[in-house]
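Right, one structure below, let's go through it.
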Amino acid sequence: MSARLAPTPGQTVGPFFGYGMPYPGGPELVTPHSPGAIALFGRVLDGDGAPVPDAQLEIWQTDPRGSAPRATGSLRRDGLHFTGFGRAATDAEGAYRFWTLTPGARPGAAPFIAAIVFARGLQDKLHTRIYLPDDTTALVADPLLSSLAPTERATLVAERTAEGWLRHDIRLQGEGETVFLAYR
Amino acid sequence: MLEAGHPLCDAEAVTDTQTALSAEIAARHAEYEAAVAGGAPRATGPLLDFAPYRSSILRHPTKNPKLVDPETIELVSPAFGQRDVGELEADLTIQHSGEPLGQRIVVSGRVLDDLGHPVRGQLVEIWQANAGGRYIHQRDQHPAPLDPNFTGAGRCLTDDDGAYRFTTIKPGAYPWRNHANAWRPAHIHFSLFGNAFTQRIVTQMYFPGDPLFALDPIYQSIPEQSARDRLVSSYDHELTSPEWALGYRWDIILTGPQATWFEPEGGEA
């Protein structure tokens with residue numbers, strides 16, 4: 001096959017993505033508080049630990065059986081099919097919140113939610129993962145997590161709240177900086 | 001002179017002149033070239049750590065990204081369909097009762113992966129300023145007029161050739177407060193999904209020959225001229241419609257990991 005084509009560079013989403021990207025129902029992959037629904041929430045923070053009020057998170061995940069959803073309709077949800085994709089802008093306190101289902105995984109593998117961060121001031125997308133905290137054996141065996149120092153690993157694993165929800169902060173820079181990913 | 005309290009009079013931001021800012025850009029590019037000379041790989045995209053774009057200073061990671069083998073979910077992409085995008089959403093000039101002001105344009109091109117395969121049936125989203133360089137967003141306090149007939153957001157799905165097509169208005173240049181007398185080159189924001197989630201990008205398309213390119217710290221955050229050039233559309237007379245709209249062509253190449261998962265496609269290696 002011929003040489004690979006040079007990629008189109010990314011650029012920041014800038015300050016005005018708010019009327020171009022968010023859409024009604026974007027953060028709600030499932031109806032809040034419906035059976036099986038969990039909240040995934042947290043904050044996006046900058047190098048001073050200050051909230052980033054103009055960031056946007058996208059999540060993409062398997063369904064509870066561990067399959068990649070193939071259903072269309074993430075932009076206009078039909079309430080029947082789980083599409084696996086959601087988009088949430090942060091609010092004035094840098095907070096985001098999704099309602100989704102618990103992702104599944106291959107037997108023995110650690111389930112995670114793939115995530116991309118965009119923000120004003122951030123020149124390009126950042127990929128990361130949000131691992132579920134529950135299966136500690138699978139987390140220890142995970143190829144990515146096991147290659148990280150404990151402090152780095154902690155930035156990729158969500159915290160389970162008393163309500164059974166998932167709390168996860170993203171730190172763009174500095175102490176506790178989230179581990180971001182490039183793919184082989 | 002702007003009076004104190006004017007939305008464009010921001011005491012913090014207006015202290016740096018364009019001359020000083022341009023010197024900072026040149027110094028950062030020189031630093032990058034020195035790193036390349038020292039063996040660092042050439043960049044294909046922007047430098048995240050690019051202080052001339054002031055908002056990036058506290059918002060760029062300081063560590064290199066961790067290189068990882070993608071899992072299956074990362075090798076596929078969300079699926080979008082006709083349910084997601086209305087047919088009229090690709091025409092930004094018909095979203096209101098009247099015609100928007102400005103130069104009507106058609107922007108079209110193909111979304112391809114790095115082997116040249118079309119990215120089919122995927123979502124393309126755009127947003128932009130109006131002809132006067134004003135965004136409809138509440139945070140935009142640029143005192144250019146809003147256009148009641150122009151919102152500036154559109155969507156479409158790529159076809160079987162990976163092609164997209166929007167009808168819109170040529171956006172104006174946009175003043176911002178990164179430094180004194182800072183202006184962004186006219187641009188349209190593009191959001192693209194590929195065949196894999198790893199290929200996802202958000203970027204900006206520019207127009208050929210813009211005199212603001214050299215001055216803009218966002219465009220110049222990409223240190224390689226050849227990479228910057230890939231964000232610039234070309235005027236295409238074949239796309240131009242007589243007595244109707246000027247045509248601009250812009251193809252987009254999405255790259256992902258070597259292990260990109262392809263839908264089976266006869267005979268292609």
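Residue numbers begin at 1 in each chain, while the letters A, B, ... track the order of the sequences.
- Looking at B:Trp250, its side chain never comes within 3.5 Å of a backbone N or O of B:Tyr206 through a donor-acceptor pair.
- Ring-plane geometry between B:His187 and B:His189 is classed as perpendicular, the angle between the planes exceeding 60 degrees on a 0 to 90 degree scale with a lower cut at 30.
- At least one donor-acceptor pair under 3.5 Å links the side chain of A:Arg87 to the backbone N or O of A:Met21.
- Both the backbone and the side chain of B:Phe50 have a heavy atom closer than 4.5 Å to some heavy atom of chain A.
- Taking the charged nitrogens against the carboxylate oxygens, B:Glu24 and B:Arg54 do have a contact shorter than 4.0 Å, which makes a salt bridge.
- With salt bridges taken as basic N to acidic carboxylate O contacts below 4.0 Å, none links A:Asp46 and B:Arg59.
- Here the straight-line distance linking atom CG of A:Leu166 with atom CZ of A:Arg97 works out to 14.0 Å at 0.5 Å rounding.
- Remark: side-chain polar atoms of B:Gln220 are not paired, donor with acceptor, to backbone N or O of B:His29 under 3.5 angstrom.
- In this structure, B:Trp176 has its ring center closer than 6.0 angstrom to the ring center of B:Tyr53.
- Using a 4.5 Å cut-off between heavy atoms, B:Asp49 makes no contact with chain A at all.
- With a threshold of 4.5 angstrom between heavy atoms, A:Tyr19 approaches chain B through its backbone and through its side chain.
- Note: B:Tyr174 and A:Phe16 have perpendicular aromatic rings, judged against thresholds of 30 and 60 degrees for the angle between ring planes.
- The greatest number of non-hydrogen atom pairs below 4.5 Å with chain B, out of A:Thr62, A:Leu45, A:Val179, is found for A:Thr62.
- For the 3.5 Å distance criterion, the side chains of A:Arg120 and B:Ser55 qualify, holding a donor opposite an acceptor.
- The parts of A:Ser74 that come within reach of chain B are both its backbone and its side chain, each placing non-hydrogen atoms under 4.5 angstrom from that chain.
- For A:Phe17, the parts lying near chain B are the backbone and the side chain together; criterion is any non-hydrogen pair under 4.5 Å.
- With a 4.5 angstrom heavy-atom cutoff, A:Ala71 touches chain B only via backbone atoms.
- Listed options A:Thr128, A:Thr178, A:Asp78 were ranked by heavy-atom pairs under 4.5 angstrom with chain B; first place goes to A:Asp78.
- Between chain B and the options A:Val52, A:Thr83, A:Leu148, heavy-atom pairs under 4.5 Å are most frequent for A:Val52.
- Proximity to chain A involves both the backbone and the side chain of B:Ile252, based on heavy atoms less than 4.5 angstrom apart.
- Residue A:Arg171 does not touch chain B at all, counting heavy-atom pairs closer than 4.5 Å.
- In this structure, CG in B:Leu67 is found 10.5 Å from OH in A:Tyr183, a value given to the nearest 0.5 Å.
- The parts of B:Glu71 that come within reach of chain A are both its backbone and its side chain, each placing non-hydrogen atoms under 4.5 angstrom from that chain.
- Using a 4.0 Å cut-off between charged side-chain N and carboxylate O, B:Arg42 and B:Glu224 make a salt bridge.
- Looking at B:Thr151, the atoms closer than 4.5 Å to chain A (heavy atoms on both sides) sit in the backbone and in the side chain alike.
- Contact of B:His60 with chain A is made through backbone and side chain together, with heavy-atom distances under 4.5 Å.
- Contact count versus chain A (heavy atoms, under 4.5 Å) is highest, among B:Gly81, B:Ala129, B:Gly45, for B:Gly81.
- Classification of A:Glu152 and B:Lys66 as a salt-bridged pair fails, no side-chain N sitting under 4.0 Å from a carboxylate O.
- Annotation: maximal heavy-atom pairing with chain A below 4.5 Å, among B:Gln128, B:Gln204, B:Arg200, B:Lys63, occurs at B:Arg200.
- For A:Ser147, the parts lying near chain B are the backbone and the side chain together; criterion is any non-hydrogen pair under 4.5 Å.
- Shown here is B:Gln225, whose CD atom has more than 12 heavy atoms of other residues, nucleotides or ligands within 6.0 Å.
- Of the listed residues (A:Gly47, A:Gly73, A:Ala114), the one with the most heavy-atom contacts under 4.5 Å to chain B is A:Gly73.
- Neither the backbone nor the side chain of B:Leu192 has a heavy atom closer than 4.5 Å to any heavy atom of chain A.
- Between chain A and the residues B:Leu47, B:Thr44, B:Ile126, the largest count of heavy-atom pairs under 4.5 Å involves B:Thr44.
- For the set B:Pro61, B:Ala153, B:Pro65, the entry with the most heavy-atom pairs within less than 4.5 Å of chain A is B:Pro61.
- Of the listed residues (B:Leu112, B:Leu231, B:Ile201), the greatest number of heavy-atom pairs within a distance under 4.5 Å of chain A belongs to B:Leu231.
- By number of non-hydrogen pairs under 4.5 angstrom with chain A, the leading residue of B:Phe80, B:Phe190, B:Phe197 is B:Phe197.
- B:Ala43 does not touch chain A: none of its heavy atoms, backbone or side chain, sits under 4.5 Å away.
- The salt bridge (charged side-chain N to carboxylate O under 4.0 Å, His left out) search around B:Arg155 returns B:Glu89, B:Glu125, not counting sequence neighbours.
- Of the atoms belonging to B:Thr62, heavy atoms from both backbone and side chain fall under 4.5 Å from chain A.
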